[in-house]
There are 4 protein chains.
Amino acid sequence: MLNTMSTSAHPRPGSRTRGRPRDPELRERILDAAATLAMTAGIELGFERIAQEAGASRTTLYRWWDSPQELLLDAMLERTRWSLDHDSEGTAAARLRAQVIDAVEILSAPDTGRPLRALAAGALTNEKVRASFIEHWLEPRRAVAARILEDGMITGEFRQDLDVEAVIDALFSPIYHRLLLTRMPLGRSFGETLWNLVEPGLSPS
Amino acid sequence: MLNTMSTSAHPRPGSRTRGRPRDPELRERILDAAATLAMTAGIELGFERIAQEAGASRTTLYRWWDSPQELLLDAMLERTRWSLDHDSEGTAAARLRAQVIDAVEILSAPDTGRPLRALAAGALTNEKVRASFIEHWLEPRRAVAARILEDGMITGEFRQDLDVEAVIDALFSPIYHRLLLTRMPLGRSFGETLWNLVEPGLSPS
Amino acid sequence: MLNTMSTSAHPRPGSRTRGRPRDPELRERILDAAATLAMTAGIELGFERIAQEAGASRTTLYRWWDSPQELLLDAMLERTRWSLDHDSEGTAAARLRAQVIDAVEILSAPDTGRPLRALAAGALTNEKVRASFIEHWLEPRRAVAARILEDGMITGEFRQDLDVEAVIDALFSPIYHRLLLTRMPLGRSFGETLWNLVEPGLSPS
Amino acid sequence: MLNTMSTSAHPRPGSRTRGRPRDPELRERILDAAATLAMTAGIELGFERIAQEAGASRTTLYRWWDSPQELLLDAMLERTRWSLDHDSEGTAAARLRAQVIDAVEILSAPDTGRPLRALAAGALTNEKVRASFIEHWLEPRRAVAARILEDGMITGEFRQDLDVEAVIDALFSPIYHRLLLTRMPLGRSFGETLWNLVEPGLSPS
DNA sequence: TTCTAAGCGAGACGGTACGTCCCGTCTTGAC
DNA sequence: GTCAAGACGGGACGTACCGTCTCGCTTAGAA
């Protein structure tokens with residue numbers, strides 16, 4: 001439950017030290033190139049460009065990833081591992097609120113928000129990308145929130161009959177919506193507004 | 001608020017009756033083809049396929065639309081004009097609730113949900129498509145909800161200090177989120193759950 | 001029997017004047033490029049290079065030819081149409097001898113010999129190229145010789161029991177052999193030597 | 001004049017017995033694989049396939065041969081050493097005739113003819129292969145015929161002014177021509193026809 | 001025994017060309 | 001002016017080999 005390194009593209013555990021070992025520096029260059037391109041240029045992410053930018057051969061990218069988006073997902077996962085750590089102190093409400101604000105922050109920062117757009121675009125186009133995106137990006141983050149909600153429900157801080165998934169949707173999908181589609185202002189205050197709006201629905205009685 | 005017919009692709013007003021008139025049946029065939037393809041096949045929507053499916057020439061499509069997604073948007077707008085009509089009777093809460101449930105219904109129906117996915121994918125890739133999608137699809141629907149919310153705020157049924165845009169986000173973006181990304185169950189009951197969750201945040205005191 | 005224009009790549013007779021007409025100048029540029037490349041550079045003939053050299057798009061080449069060698073064959077056929085004309089005066093022996101010497105001349109000239117090597121290499125690798133090469137290059141030339149031989153057999157100038165195909169092989173294949181494999185000297189005198197060697201086997205009694 | 005083992009790929013004489021000795025069985029497997037592939041599959045001979053077929057590593061092939069065709073040539077040379085032995089009894093004419101018929105037999109047998117095609121294709125594409133093919137395949141065979149011709153010229157059985165190379169070309173190149181290009185019937189009777197055709201040109205007076 | 005040179009398999013890597021697909025533009029004739 | 005047909009340039013795709021390389025393991029004579 002800790003690691004969550006990557007979706008693929010790591011030395012297979014079975015094949016210990018046979019043949020020329022993979023060049024780890026190269027891998028980094030590739031991930032960097034993808035992240036950079038996804039941030040600066042638009043959505044048009046292709047193996048061609050990434051390879052060029054990274055000074056790598058296109059063939060090498062094809063060896064390790066099935067699509068540019070999966071590559072980018074790997075890059076994003078490595079660069080945002082911290083965002084899954086969360087405080088376990090304080091009330092469930094405080095912790096959940098903090099997570100909402102964290103999410104706003106991550107999605108509004110250009111170096112994560114922009115790549116995430118590219119990722120989401122890929123997820124809409126390519127079923128495999130969608131699966132990876134959900135499994136490695138969305139799901140882990142939802143799980144953190146779900147855990148907090150369940151805690152709160154057990155301690156009586158929240159209502160017992162909450163639909164956990166729906167609550168998570170209400171709290172976080174607006175952020176993605178603004179990032180991906182409407183591009184309405186996405187700042188800390190939006191996170192707070194959102195929380196204040198949904199919070200009354202969580203309390204008992 | 002009346003028209004909202006189309007984004008483009010209608011006989012230019014300036015060019016009154018010179019030369020061969022546009023074939024209206026052909027236009028229908030093209031829109032149908034786009035809608036059908038967007039529903040059945042995947043996201044891969046292109047002029048090539050649409051033209052083939054419609055028995056039209058690629059040139060014709062290029063004459064009238066800038067991208068397949070804008071074409072599809074036209075098709076969708078014509079086929080869902082009804083969804084903007086809304087009852088003006090009853091409490092603001094009831095009317096808003098009804099709109100949420102309507103939205104769930106539209107987005108979960110295959111013949112509208114699937115094309116919408118294609119549309120959203122296009123919006124993420126192509127800036128112009130995004131603008132059209134927001135202007136002709138999202139915004140009119142948000143405006144309806146905004147009107148209801150403002151009504152409720154005036155009559156005192158809702159709190160005075162609501163952030164209208166945020167409320168709309170909280171109520172509707174989860175539906176798009178499920179349609180586009182998570183594909184979690186999207187049925188009438190989800191709309192109700194969602195409403196019940198957010199509604200407490202709307203009431204005064 | 002006159003034309004022998006090309007193997008393919010000519011406007012299909014059925015499709016009269018619909019759509020943009022083919023650019024004939026472009027076709028010439030492409031054939032020229034292929035002939036030039038086949039003469040100067042080595043055997044490595046690819047659509048990529050030809051397109052580049054001709055200032056054409058690779059796609060265009062693919063539209064009209066199945067392989068670079070078939071393209072080259074087209075170029076060769078257009079540039080050597082004269083070589084099928086032959087004198088119909090004089091004894092059969094004299095005419096046949098002249099054809100042998102013509103063949104030596106054609107195959108030893110760099111601008112025909114070199115491309116022919118490339119063509120033969122293609123014929124060995126690609127079954128379809130081989131078929132075209134035989135049908136459009138070898139066979140017409142063999143037919144001319146066959147005709148002369150049959151004439152001579154009828155008039156009694158040659159033996160009646162000649163195996164026409166074998167005679168042609170004996171007279172012409174040595175030339176191809178020197179061109180393609182051994183690269184031994186290939187000049188007019190070789191043609192004469194060859195003729196003098198085989199001629200005794202043709203005469204009656 | 002006897003050995004004619006191989007073109008390369010034999011333990012270098014300089015490096016006497018240091019390090020792990022070469023695996024001779026492996027070498028056989030590789031040569032077999034090449035011969036088999038050249039016979040069954042088409043012309044497309046590559047290190048990749050051969051290695052796979054032989055259960056060897058690509059690296060190993062690269063260590064010993066410069067190209068798949070040179071490898072194949074080695075295989076062919078080992079498998080046809082017998083064909084250079086020839087009877088030294090009888091008239092020069094009889095011996096030469098026998099060699100022609102032997103050649104037809106070798107080239108028409110699938111397990112030698114097909115690989116020879118691949119070899120010839122390689123010779124047309126790759127200058128180094130061509131050199132090897134001539135030096136180790138064609139030249140030794142031509143030398144045998146040249147020897148017989150010279151014998152015959154000395155004894156007066158043949159004309160004194162023969163162009164030995166041209167005679168050899170006339171007698172043997174038709175066989176290669178049929179094998180490589182025209183694929184016309186290639187049987188013992190063709191050899192006889194060929195001989196009967198050229199023989200008159202060899203006799204004195 | 002240890003050392004060391006070579007054989008060998010596995011596999012990473014850069015590279016080139018391939019053949020295909022779709023795009024967007026254009027040119028033509030017919031209506 | 002609309003429409004169908006189709007040529008054309010262009011870009012990216014995913015694949016197949018190629019030739020080189022860097023490893024670790026093995027083999028066997030030499031120190």
Roughly how far apart are [X] [atom1] and [Y] [atom2], rounded to 0.5 Å?
X	Y	atom1	atom2	answer
A:Arg117	A:Leu180	CZ	CG	7.5 Å
A:Asp23	A:Glu28	CG	CD	10.5 Å
A:Phe133	A:Leu124	CZ	CG	9.0 Å

Could one point to a donor on the side chain of C:Arg58 or the base of E:dG19 with an acceptor on the other under 3.5 Å away?
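Looking at the base of E:dG19, it does pair with a donor or acceptor on the side chain of C:Arg58 (distance under 3.5 Å).
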E:dG11 base / A:Arg22 side chain donor-acceptor hit below 3.5 Å
no
Roughly, in whole Å, what's the span from [atom1] in [X] to [atom2] in [N]?
X	N	atom1	atom2	value
D:Asp66	F:dC17	CG	C1'	17 Å
C:Trp64	F:dG9	CH2	P	12 Å
B:Arg27	F:dC3	CZ	C1'	16 Å
C:Arg63	F:dG9	CZ	P	8 Å
B:Glu44	F:dC13	CD	C1'	13 Å
B:Leu61	E:dT25	CG	C1'	15 Å
B:Trp65	F:dT2	CH2	P	12 Å
D:Glu28	E:dG7	CD	P	17 Å

Applying side-chain hydrogen bond (donor to acceptor under 3.5 Å, both in side chains), run through D:Glu135 and D:Ser132 and close with a yes or a no.
CA-CA 5 Å; D:Glu135 181 185 352; D:Ser132 279; 5.5 Å; no
Can you list every pair that meets ring pair (Phe, Tyr, Trp, His ring centres under 6.0 Å) and has a residue in residues 21-45 of chain C, with sequence neighbours left out?
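Pairs touching residues 21-45 of chain C that pass the test: none.
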Can you identify which nucleotide, out of [options], has its nearest atom closest to the [X] side chain?
X	options	answer
D:Pro21	F:dC13, F:dG9, F:dA28	F:dA28
A:Tyr62	E:dC8, F:dT15, F:dC18	F:dT15
D:Arg20	F:dT26, F:dC21, E:dG9	F:dT26
C:Ser57	E:dA10, F:dA4, F:dG10	F:dG10

Want to settle it: does A:Asp23 or D:Leu26 sit nearer the 5' end of DNA chain E, counting the closest nucleotide to each?
D:Leu26
Using residues 45-52 of chain B as the side-chain source, report each donor-acceptor pair under 3.5 Å to any protein atom, sequence neighbours left out, with the distance given to one decimal.
none

Side-chain N or O of C:Thr60 less than 4.0 angstrom from OP1 or OP2 on F:dC8?
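C:Thr60 to F:dC8 OP1/OP2: no side-chain N or O under 4.0 Å.
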Checking all strands, does D:Thr59 fall into the base, sugar-phosphate, or nothing category for heavy-atom contacts under 4.0 angstrom?
base
If you pin D:Pro68 and C:Gly19 to their nearest nucleotides in DNA chain F, which one's is more 5'?
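First, find each residue's nearest nucleotide; the 5'-ward one identifies C:Gly19.
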Is there side-chain contact between B:Glu70 and B:His136, with heavy atoms separated by less than 4.5 Å?
no
Side chain to side chain, D:Arg22 and D:Trp64, heavy atoms closer than 4.5 Å:
yes
Salt bridge (Lys or Arg N to Asp or Glu O under 4.0 Å) partners for D:Glu127, two or more places apart
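D:Glu127: salt bridge (Lys or Arg N to Asp or Glu O under 4.0 Å) contacts with C:Arg183, D:Arg130.
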Side-chain donor-acceptor pairs under 3.5 Å in residues 29-40 of chain A, sequence neighbours left out?
| from | atom 1 | to | atom 2 | distance (Å) |
| --- | --- | --- | --- | --- |
| A:Arg29 | NE | A:Ala54 | O | 2.9 |
| A:Arg29 | NH2 | A:Ala54 | O | 3.4 |
| A:Asp32 | OD1 | A:Arg79 | NH2 | 2.2 |
| A:Thr36 | OG1 | A:Asp32 | O | 2.8 |
| A:Thr40 | OG1 | A:Thr36 | O | 3.0 |

Which of residues 45-55 of chain B have a heavy atom under 4.0 Å from DNA chain E?
B:Gly46, B:Phe47, B:Glu48, B:Arg49
How bent is the helix from E:dT1-F:dA31 to E:dC31-F:dG1, measuring the angle between the end axes built from five pairs each, rounded to 10°?
10°
